[in-house]
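The sequence lines fix the lettering, A, B, ..., with proteins before strands; numbering per chain opens at 1. Values reported hereafter were calculated over all heavy atoms of this structure, with side chains retained and with hydrogens, waters and symmetry mates removed.
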Number of protein chains: 2
Amino acid sequence: MTDHEVLSTWRELSARHAAIVSDLERELQERHELGVSEFEVLDRLVDGVCLSADGKFRVQELAAGVHLSQSALSRLIARLEKAGFVLRSMCADDRRGVFVTLTDAGRVRHSEALPTQRRVLRAHLAATPQG
Amino acid sequence: MTDHEVLSTWRELSARHAAIVSDLERELQERHELGVSEFEVLDRLVDGVCLSADGKFRVQELAAGVHLSQSALSRLIARLEKAGFVLRSMCADDRRGVFVTLTDAGRVRHSEALPTQRRVLRAHLAATPQG
DNA sequence: ACGCATTAAATGCTTGTGCATTGAATGCAT
DNA sequence: ATGCATTCAATGCACAAGCATTTAATGCGT
């Protein structure tokens with residue numbers, strides 16, 4: 001692969017990412033008052049309910065898949081808690097850790113926003129060359 | 001393309017983008033004291049020198065290709081000017097517009113940083129499935 | 001049991017970003 | 001020429017992100 005090919009691949013990737021994030025941000029914000037990262041975290045929590053015994057997650061476990069720093073994630077969860085979408089609770093076995101659990105309101109909001117996300121992603125990614 | 005495929009494509013794209021940007025940011029910062037967006041703007045200026053008669057660019061022209069808002073770009077250029085890498089000058093024919101030109105220092109810094117960028121991009125993008 | 005390095009998460013601080021607004025210059029219609 | 005909508009770039013403001021630090025809890029070695 002030549003440098004020129006690498007570069008154009010990178011620009012393509014970058015442009016595509018920017019376009020999708022921008023659309024997602026606008027749509028999720030306007031329709032559901034959710035940021036992209038906020039949605040992503042709710043999404044992970046929903047996804048993972050089946051995996052985890054009780055639907056509880058260490059903050060750390062959420063970090064995987066959400067491309068944010070530890071501090072950003074901490075504050076993001078604080079925002080979600082303030083909005084009533086998640087609860088934070090101490091975990092008994094390791095009292096440094098914090099469990100994050102979805103509330104009903106969080107589940108509802110996520111299920112409302114999910115079709116919006118799917119629609120935007122489909123519009124950008126379905127049936128395209130690199131799709 | 002199924003929703004599940006769309007979703008996994010998106011996660012792949014997102015993860016890859018995050019990894020590359022993170023690496024680029026660190027390498028460019030550590031080695032050349034440049035942010036990714038700063039480098040990108042210098043890169044556009046260098047690229048475009050051959051295209052433009054005198055190597056002058058309207059701020060607006062730079063916006064294409066750099067995925068930033070108008071205000072972010074304005075401040076970014078202000079930072080580059082403060083660092084001595086570009087000059088801003090009024091353009092005579094439309095005095096609302098601003099011409100941005102590379103300085104020698106800007107050209108030097110860009111040429112120093114270019115191999116670093118190439119190396120990081122190659123490491124991530126060369127010889128990979130979705131390359 | 002005690003000290004010490006380590007880990008989890010929160011927080012202070014600085015910086016970059018976007019939105020909305022502003023200020024200035026332009027162009028067009030009347 | 002005058003008024004008015006439009007465009008370019010800069011700026012006020014609010015907010016989210018990362019880095020470094022802090023606080024608290026763990027675990028390990030002696």
Side-chain angles (χ1 to χ4, degrees), chain A residues 14 17-30 33-42 56-83 85-101, chain B residues 14 17-30 33-42 45 56-64 66-83 85-101:
Chain A
S14 182
H17 180 266
I20 296 176
V21 167
S22 161
D23 262 28
L24 267 182
E25 195 72 56
R26 184 171 30 70
E27 293 285 309
L28 288 175
Q29 195 59 249
E30 279 181 6
E33 292 181 337
L34 281 176
V36 171
S37 297
E38 278 82 358
F39 176 82
E40 210 108 330
V41 169
L42 292 183
K56 293 182 176 180
F57 286 84
R58 303 284 296 261
V59 170
Q60 197 180 0
E61 297 175 278
L62 291 171
V66 182
H67 309 295
L68 286 177
S69 69
Q70 180 267 318
S71 68
L73 184 56
S74 176
R75 285 184 232 260
L76 175 44
I77 291 170
R79 263 177 272 143
L80 288 176
E81 186 179 42
K82 196 167 152 194
F85 297 147
V86 303
L87 286 177
R88 275 188 292 194
S89 52
M90 295 297 111
C91 63
D93 52 327
D94 182 348
R95 294 170 55 211
R96 291 170 302 183
V98 168
F99 277 142
V100 181
T101 52
Chain B
S14 183
H17 180 266
I20 295 175
V21 168
S22 162
D23 263 27
L24 268 182
E25 195 72 57
R26 183 171 30 69
E27 293 285 310
L28 288 175
Q29 195 59 249
E30 279 181 6
E33 292 181 338
L34 281 177
V36 171
S37 298
E38 279 82 359
F39 177 81
E40 210 108 330
V41 169
L42 292 182
L45 285 168
K56 293 182 175 181
F57 286 84
R58 303 284 295 262
V59 171
Q60 197 180 359
E61 297 176 274
L62 290 172
V66 182
H67 310 294
L68 286 176
S69 69
Q70 179 266 319
S71 68
L73 184 56
S74 176
R75 285 184 231 260
L76 174 45
I77 292 170
R79 261 177 274 144
L80 288 176
E81 186 179 41
K82 196 167 153 194
F85 297 146
V86 303
L87 287 177
R88 275 188 292 194
S89 52
M90 295 296 110
C91 62
D93 53 325
D94 182 348
R95 294 170 54 212
R96 291 169 302 183
V98 169
F99 277 141
V100 181
T101 53

Next on the checklist: Nearest 0.5 Å, please: how far is CE in B/Met90 from CZ in B/Arg96?
Outcome noted: 13.0 Å

Checklist entry - Has B/Arg95 got a side-chain N or O lying under 4.0 Å from the OP1 or OP2 atom of D/dA9? => result no

Checklist entry - For D/dA17, does either OP1 or OP2 sit under 4.0 Å from a side-chain N or O belonging to A/Arg79? => result yes

Next on the checklist: If you count every heavy atom of other residues, nucleotides or ligands that lies below 6.0 Å from B/Glu33 atom CD, does the total exceed 12?
Outcome noted: no

Checklist entry - Are A/His17 and B/Val21 close enough, and set up right, to give a side chain to side chain contact (heavy atoms under 4.5 Å, CB included), and what steps lead you there? => result CA-CA 11 Å; A/His17 180 266; B/Val21 168; over 6 Å; no

Next on the checklist: Any side-chain N or O of A/Ser37 below 4.0 angstrom from OP1/OP2 of D/dA17?
Outcome noted: yes

Next on the checklist: What contact category does A/Arg26 fall into here, base, sugar-phosphate, or nothing, at under 4.0 angstrom with non-hydrogen atoms?
Outcome noted: nothing

Checklist entry - Measuring from A/Leu28:CG to A/Leu34:CG, what's the distance to the nearest 0.5 Å? => result 6.5 Å

Next on the checklist: Distance check needed: D/dT11 C1' versus B/Arg88 CZ, whole Å only.
Outcome noted: 12 Å

Checklist entry - Separation of A/Gln29 atom CD from D/dA16 atom C1', in whole Å? => result 12 Å

Checklist entry - To the nearest angstrom, how far is B/Leu68 atom CG from D/dA9 atom P? => result 15 Å

Checklist entry - Hey, what do you get for CG (B/Leu80) to NZ (B/Lys82), rounding to the nearest 0.5 Å? => result 12.0 Å

Checklist outcome for this item: Residues in residues 70-78 of chain A with a heavy atom under 4.0 Å of DNA chain D, by number, are A/Ser71, A/Ala72, A/Arg75

Item to check | Value in whole Å for how far the P atom of C/dG16 lies from CD of B/Glu40 | outcome: 16 Å

Checklist entry - To the nearest Å, how far apart are B/Leu62 CG and D/dA10 P? => result 11 Å

Next on the checklist: Rounding to an integer number of Å, can you tell me how far A/Glu33 CD sits from D/dA16 P?
Outcome noted: 13 Å

Checklist entry - Which pair of heavy atoms, one from A/His67 and one from B/Ser14, lies closest together, and at what distance? => result CD2-OG, 3.7 Å

Checklist entry - Which value, rounded to the nearest 0.5 Å, describes the distance between A/Leu62 atom CG and A/Ser74 atom OG? => result 11.5 Å

Give each protein N/O atom lying under 3.5 Å from an N/O atom of nucleotides 1-8 of chain D, with the pair distance.
residue, atom, partner, partner atom, Å
D/dT7, O2, B/Arg96, NH1, 2.7
D/dC8, OP1, B/Gln60, OE1, 2.8
D/dC8, OP1, B/Gln60, NE2, 2.6
D/dC8, OP2, B/Gln60, NE2, 3.4

Checklist entry - Please give, in whole Å, the distance from D/dA9 P to B/Met90 CE? => result 10 Å

Item to check | Between CD1 on residue B/Ile77 and CD on residue B/Glu38, distance to nearest 0.5 Å | outcome: 11.0 Å

Checklist entry - Between A/Phe57 (CZ) and C/dA8 (P), how many Å, whole number? => result 17 Å

Item to check | Step-by-step side chain to side chain contact (heavy atoms under 4.5 Å, CB included) determination, A/Phe99 to A/Arg88 | outcome: CA-CA 6 Å; A/Phe99 277 142; A/Arg88 275 188 292 194; over 6 Å; no

